[in-house]
Peer 1: 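Structure provided below as structure tokens; questions to follow.
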There are 2 protein chains.
Amino acid sequence: MPVLSQPMAKTVLTSRSDNFPQWYQDVVAKAELADNGPVRGTMVIRPYGYAIWERMQHELDERIKAAGARNAYFPLFIPESYLRKEAQHVEGFSPELAVVTHGGGKELEEPVVVRPTSETIINVFIAKWVQSHRDLPMLLNQWANVVRWELRPRVFLRTTEFLWQEGHTAHATQEEARAYAVRILRSVYEDFAVDVLGLPVVVGRKTERERFAGADATYTIEAMMGDGKALQMGTSHELGQNFARAFGIEFQSDTGTNEYAWQTSWGVSTRLVGALIMGHGDDAGLRLPPRIAPVQVVVVLVKAADGAGEAAAALAAELRGSGVRVELDDRVDTSFGRRAVEWELKGVPVRIEVGPRDLAAGNATLVRRDTGDKVAVGLDRVVAEAVAALDAVQVALHDQAMEMRLSRTADVSTADDAREAAQTGFARVPWDAVRDEEVRLAQAGVTVRCLKRDDGGLPASSSEDGLFATVAKAY
Amino acid sequence: MPVLSQPMAKTVLTSRSDNFPQWYQDVVAKAELADNGPVRGTMVIRPYGYAIWERMQHELDERIKAAGARNAYFPLFIPESYLRKEAQHVEGFSPELAVVTHGGGKELEEPVVVRPTSETIINVFIAKWVQSHRDLPMLLNQWANVVRWELRPRVFLRTTEFLWQEGHTAHATQEEARAYAVRILRSVYEDFAVDVLGLPVVVGRKTERERFAGADATYTIEAMMGDGKALQMGTSHELGQNFARAFGIEFQSDTGTNEYAWQTSWGVSTRLVGALIMGHGDDAGLRLPPRIAPVQVVVVLVKAADGAGEAAAALAAELRGSGVRVELDDRVDTSFGRRAVEWELKGVPVRIEVGPRDLAAGNATLVRRDTGDKVAVGLDRVVAEAVAALDAVQVALHDQAMEMRLSRTADVSTADDAREAAQTGFARVPWDAVRDEEVRLAQAGVTVRCLKRDDGGLPASSSEDGLFATVAKAY
């Protein structure tokens, strides 16, 4: 039996091979994920897109709390003077700031900026709350919107306003801060990307050129998108004592000396929705890994006759009772084909079709979104088979993404070969070969995404011997 | 045995009877709920305060979804011109706006306002998404921060930036919109206030003078605080066709005619944390109803000797296993008395004290925060008794708040008597007696909180016969 999704999809979406950026825009619009907002670079996250973000928040928040951080909320508005306290930080963010000059009908004495990130305001309070080593570590996280004026906006990927979580911590020693930055990278971000989103990631350290403004080190997870480009999914920073000195975060150590705290910050944002679209999507639309899918199984009533309506509702209820996130589509006044296309666009991992013909034979039809495979399943086996299919889709999407990355990653030994390979995928190249070529590569639209050791470990510095660089075009 | 909380509390908090506003500020600071932000009127919500808000979000979100609304996210920045589209709305909000004039290092062509509420931007999109009666009802909700420049800020109660949810819906008929506004009021807001927060509320309709800018009707829930003043906890608005006309929300009806949609909007905010503090707090601090408490039971290790440490940890684990939100306090390097005061300040409903002396007799001590009552409980009964105590505290706090409200509500028949009674509590007075005195009352610092029918029902208009007004001073 032919795969249903392929012929239908062609009627609604640009194909990925024809025009990947247009395909992305089409998916965002037609799966009803988001719209552009009226102020340039802003976006409206529509209910289906927001439901994906809510699932992401839930999964991330659990992991962040398991790492000991507590949620808090700091103000949107930051006095302009705060930004200037850390020199590199203000230099990095100044060009992107939105500035409020009027409030309550009057011109403000000091303009306030809309937070582009919250290091400066949060550290003012950490300085106030931390007195002694007993107050450390202080582990804070906030879920918030931030604003960075964006000249080349792209929905989910680069937007003037975006939603994110930002963690901010203070520790007694450099070792502890470094270990915590890495713990977040590994046990929160990498685990979430791989285990929930099904996106294999390259884990590494940013070069000095690419690190966060104000950080001593930035660690990153980078995934390959369907067009071979890299997408930075999350970063975790070692801030050293830079902000502690600028904001006076001092504590009395257990030996009675006054010390500056060692800090980290780390964040992931709604750009993860873009990663999900481009990491797994195909020409029929989204393909959502079951662990992140707001709707894991859709039960589609083909035609309301001969008890099919009742059977579909009963199956949906049974699936829900088994803990599956399920939706019943009984809109029989809309053609079945149109509805099937819609659920494919939305990437629902498993579709159960219930119609009078199958039902007469005691069956329903189970369709996997990732492969398009259809099988007839006895009614009493539907729940078990659907649950098994969800597990299978989760694994298959990850494996497919991993195979793509491996097949599109070239091991090369020169900067020129790396640039060449980066036109279609990732290049893995000795850092020594590109170290002095970073600017020239960037001018050609290719960047060093991260550095890692040959054994996969994180470098303690970019001047370590024997490092490898992952080089790619990037979102 | 004397109630522990009374003598200790006097050392840390201003008493409520001495100075209620100062007591409120003390609780906010000493229970580590919030701090003032650097920009006037903004606040930092500290982890313990935010944990309360997260619990509120969770409970409200469940109820909002059960009412069929879906979460989405709309931009923070609204073009100034959008605000002007609905005449009453812009008049109501203009004095409170924060205006961004510069973005990305340049002066903006059109200034943008930071949302004070999102009717104007959301309705632009509802107009785009709604074409036919089949697209209705459209039921949206968003969790977001909003900004209203505040001249007399007060943490949680009136802040320049606050967190809230705002629902926005469109319906085919006036009846349906009205029913939905009331459904949110009753099944989300009233149910949450009474059932979770343990705060009895007066449910009614706002007068024309007090209704939302741009609404045809505003419904409200109002609670009595510990000083006898009213606090508006949530509002639900019937917007009629006002915004639909201003923003062009038209749909083709099932008979083929073009109609304007009928709309609602509704919201509750972080001011609910203020309601919780002032509705239940006593001179020892917060008293949290168990259903909202981030920590329901704290197991306090009195002294680590003779197996007490192990017993305390085991009890905490057992409570956690029973689904109780529990914290183990084994900080024995801090005095027991100081820790007991801290948990009372934080309003944890039930405290289990575990020390060597009790333990030798096979007991632990269970202390109820609401009454201060202490009882010795056999170790094998601790979990069952703690769970029973949680139920008892939930009911007792509600009943106590209800008794306070009833005892401080006066039935009167003239505006002068209402003003007099409102100095110490609520006045219930025939609407006919105060209808023409509303401005004069307001000048004396007393407002009509809401109107209701004698049978408790919601009036369809303020000109209905036989209505009663609740008159009070208010936050």
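Per chain, numbering begins at 1; letters A, B, ... match sequence-line order.
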Peer 1: Is there a side-chain contact between B:Val44 and A:Pro75, using heavy atoms and a 4.5 Å cut-off?
Peer 2: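 In short, these two side chains touch, coming nearer than 4.5 Å.
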Peer 1: Check each atom of A:Val113 against the heavy atoms of chain B and say whether the ones under 4.5 Å are side chain, backbone, both or neither.
Peer 2: neither
Peer 1: By a 4.5 Å heavy-atom criterion (distance strictly below it), what part of B:Phe125 contacts chain A: side chain, backbone, both, or neither?
Peer 2: side chain
Peer 1: Can you list the residues that meet the side-chain contact (heavy atoms from CB on, under 4.5 Å) rule with B:Ala127, with sequence neighbours excluded?
Peer 2: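 For B:Ala127, the residues satisfying side-chain contact (heavy atoms from CB on, under 4.5 Å) (neighbours in sequence not counted) are B:Ile249.
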Peer 1: I want to check something: taking the side chain as every heavy atom from C-beta on, are B:Phe74 and A:Ile45 in contact at a cut-off of under 4.5 Å?
Peer 2: no
Peer 1: For A:Leu76 versus B:Val147, what's the shortest heavy-atom pair and its separation?
Peer 2: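 For A:Leu76 and B:Val147, the tightest heavy-atom pair comes out as CD2-CG2, 4.0 Å.
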Peer 1: Can you list every donor-acceptor pair under 3.5 Å that links chain A to chain B?
Peer 2:
from     : atom 1 : to       : atom 2 : distance (Å)
A:Asp35  : OD2    : B:Lys128 : NZ     : 3.1
A:Asp35  : OD2    : B:Trp129 : NE1    : 3.2
A:Ile45  : N      : B:Tyr73  : O      : 2.7
A:Ile45  : O      : B:Tyr73  : N      : 2.9
A:Glu54  : OE1    : B:Lys65  : NZ     : 3.4
A:Glu54  : OE2    : B:Lys65  : NZ     : 3.2
A:Glu54  : OE2    : B:Asn71  : ND2    : 2.7
A:Lys65  : NZ     : B:Glu54  : OE1    : 3.4
A:Lys65  : NZ     : B:Glu54  : OE2    : 3.2
A:Asn71  : ND2    : B:Glu54  : OE2    : 2.7
A:Tyr73  : N      : B:Ile45  : O      : 2.9
A:Tyr73  : O      : B:Ile45  : N      : 2.7
A:Tyr73  : OH     : B:Asn145 : ND2    : 3.3
A:Tyr73  : OH     : B:Glu161 : OE2    : 2.4
A:Leu76  : N      : B:Glu161 : OE1    : 2.8
A:Leu97  : O      : B:Gly104 : N      : 3.0
A:Val99  : N      : B:His102 : O      : 2.8
A:Val99  : O      : B:Thr101 : N      : 3.2
A:Thr101 : N      : B:Val99  : O      : 3.2
A:Thr101 : OG1    : B:Thr101 : OG1    : 2.7
A:His102 : O      : B:Val99  : N      : 2.8
A:Gly104 : N      : B:Leu97  : O      : 2.9
A:Lys128 : NZ     : B:Asp35  : OD2    : 3.1
A:Trp129 : NE1    : B:Asp35  : OD2    : 3.2
A:Asn145 : OD1    : B:Asn145 : ND2    : 3.0
A:Asn145 : ND2    : B:Tyr73  : OH     : 3.3
A:Asn145 : ND2    : B:Asn145 : OD1    : 3.0
A:Glu161 : OE1    : B:Leu76  : N      : 2.8
A:Glu161 : OE2    : B:Tyr73  : OH     : 2.4

Peer 1: Less than 4.5 Å to any heavy atom of chain A: does that hold for the side chain of B:Leu108, its backbone, both, or neither?
Peer 2: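 Side chain only.
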Peer 1: So do the side chains of A:Pro38 and B:Ile121 get within less than 4.5 Å of each other, counting heavy atoms only?
Peer 2: yes
Peer 1: In terms of heavy-atom pairs under 4.5 Å, which option from B:Pro79, B:Pro111, B:Ala98, B:Gly103 contacts chain A the most?
Peer 2: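 Answer, by heavy-atom pair count under 4.5 Å with chain A: B:Gly103.
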Peer 1: Side chain, backbone, both or neither: which part of A:Ile122 has an atom under 4.5 Å from a heavy atom of chain B?
Peer 2: neither
Peer 1: Report which part of B:Leu151 has an atom under 4.5 Å of a heavy atom belonging to chain A: side chain, backbone, both, or neither.
Peer 2: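 Neither; nothing under 4.5 Å.
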Peer 1: Side chain from CB out, backbone as N, CA, C, O: work out which of these in A:Val114 comes under 4.5 Å of a heavy atom of chain B, or both, or neither.
Peer 2: side chain
